[in-house]
Structure formats: structure tokens, C-alpha cells
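Reminder, nothing fancy here: chain letters follow the sequence lines and each chain counts from 1.
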Amino acid sequence: MSDRHYWLVKSEPNAFSFDDLVASPERTTYWDGVRNYQARNFIRDGIKKGDLVLFYHSNAEPTAVVGVARVTREAYPDHTAFDRKDPHYDPKSKREAPTWYMVDVQAVERFVRPVTLADLRGVKGLEKMALLQKGSRLSVQPVTAREFEIVRTLGTPAAL
DNA sequence: GCCAACGTTGGC
DNA sequence: GCCAACGTTGGC
């Protein structure tokens, strides 16, 4: 599938970890709560069914890529933005004109060896990886096929 | 807990 | 449209 694209998503394991994804029904969840326009544009316009995703733990010990997920449903409105009681509620987003979108992702591989941020720095071929750029805070980032394979190989993936 | 980097908000 | 103030992210 030469058409496939690759991504990296960040999650704080305190809030939602890779293990949480694995424990979810069908190892699948909707990726809600993205409230950044650049990340939203990737979700709404870039991410396609079948794309593969590196799952990264931020604000963690250690910070690391811990597994791979697959996109099982393309962009649809993030309903948590409509819920007044949800922490991600956004009154600007309307049901008839949603501001925020989400996709569904399914866990497919766990890394036997989590690939830490420190591991990634200095790896040949990852010099331009978005995650490693100074000040990069995007929670959804594009990854090249080559970057994806390098990181995946470092992690020693095991099927779930 | 600190703080640098970045995004958003709002006064003008 | 500018930009200072503020809030958030996320590594350390």
C-alpha cells in the first residue's frame, strides 16, 4: 500500500496509555480531545483508514514510543467538544459546523523495547523527525515511511 | 516543580 | 493588525 501514510500521536499515560488502548474493546478507541488547528487539519484532511501510527507517551518516565496503532475510521466530529461537562468542551464547535474531529485507532503491536526520546536523538535518518525538533508540541504529527520503519525496528515490535 | 516554547485571546 | 498577557505543553 504505497498510499499509506504514517503518523505519531502523543498521549500522557496518566490520562490514556497504550495499555489502556490494548485493554479497550477491540483494542480500539476514538482519539478525542485534539484542540490544536494544525493537529486537527492532519486528523481531518490527512489521516486515512489503514494508516499506521506510532504511539508516544509524553510527560512520562520515560517518554517513549511504546507501540503501533492502525487507523480504523477516518475523521468524524469530536462529540466531546459538544458536551458542556467534558473537559474538552468547546462552545465554538457546533454540531452543524464542527470545529474538532477525531479518528478511531486500534492497537496492533507493542514494542518489546520502548524507544525513548533519548534513544531517538542521534539516530541516523531521524534528524528531521517532527518529534525531535525543538519546541515541537504537536500532539498529532506526520512521520515519513522511512522514519516509521526506523523507529519500529528499534522497538522490536510484537504482535498483540 | 521549573521553565522554555508555542498558541490563543483580547485591548487598542 | 499589533502585541502583551495568559494558558498549555512537555522535557527535564
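The salt bridge (Lys or Arg N to Asp or Glu O under 4.0 Å) contacts involving residues 145-160 of chain A comprise A:Glu109-A:Arg152, A:Glu149-A:Arg152, where partners must be two or more places apart or lie in separate chains. For residues 10-30 of chain A, the salt bridge (Lys or Arg N to Asp or Glu O under 4.0 Å) pairs, not counting sequence neighbours, are A:Asp19-A:Arg110. Residue pairs meeting the side-chain hydrogen bond (donor to acceptor under 3.5 Å, both in side chains) criterion with at least one member in residues 120-138 of chain A, sequence neighbours excluded: A:Ser136-A:Gln141.
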Stepwise ring pair (Phe, Tyr, Trp, His ring centres under 6.0 Å) check, A:Tyr56 with A:Trp7: CA-CA 10 Å; A:Tyr56 177 80; A:Trp7 310 90; over 10 Å; no
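For A:Asp78 (side chain) and A:Gly33 (main-chain N/O), a donor-acceptor pair under 3.5 Å exists by modelled atom type.
Both the sub-6.0 Å distance and the 45° axial angle are not jointly satisfied by A:Arg44 relative to the ring of A:Phe42.
Proximity of the aromatic rings of A:Phe55 and A:Trp31 is defined here by a centroid distance below 6.0 angstrom, and this criterion is met.
Residue whose closest nucleotide on DNA chain B sits further toward the 5' end, between A:Tyr37 and A:Lys134: A:Lys134.
Of the residues in residues 88-105 of chain A, those lying under 4.0 Å from DNA chain B by heavy-atom distance are A:Lys92.
With sequence neighbours excluded, the residues satisfying side chain to side chain donor-acceptor pair (under 3.5 Å) with A:Thr156 are A:Arg113.
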Letter by letter from the 5' end, nucleotides 3-12 of chain C scores (B base, S sugar-phosphate only, - none; protein heavy atoms under 4.0 Å) ----BBBBBS
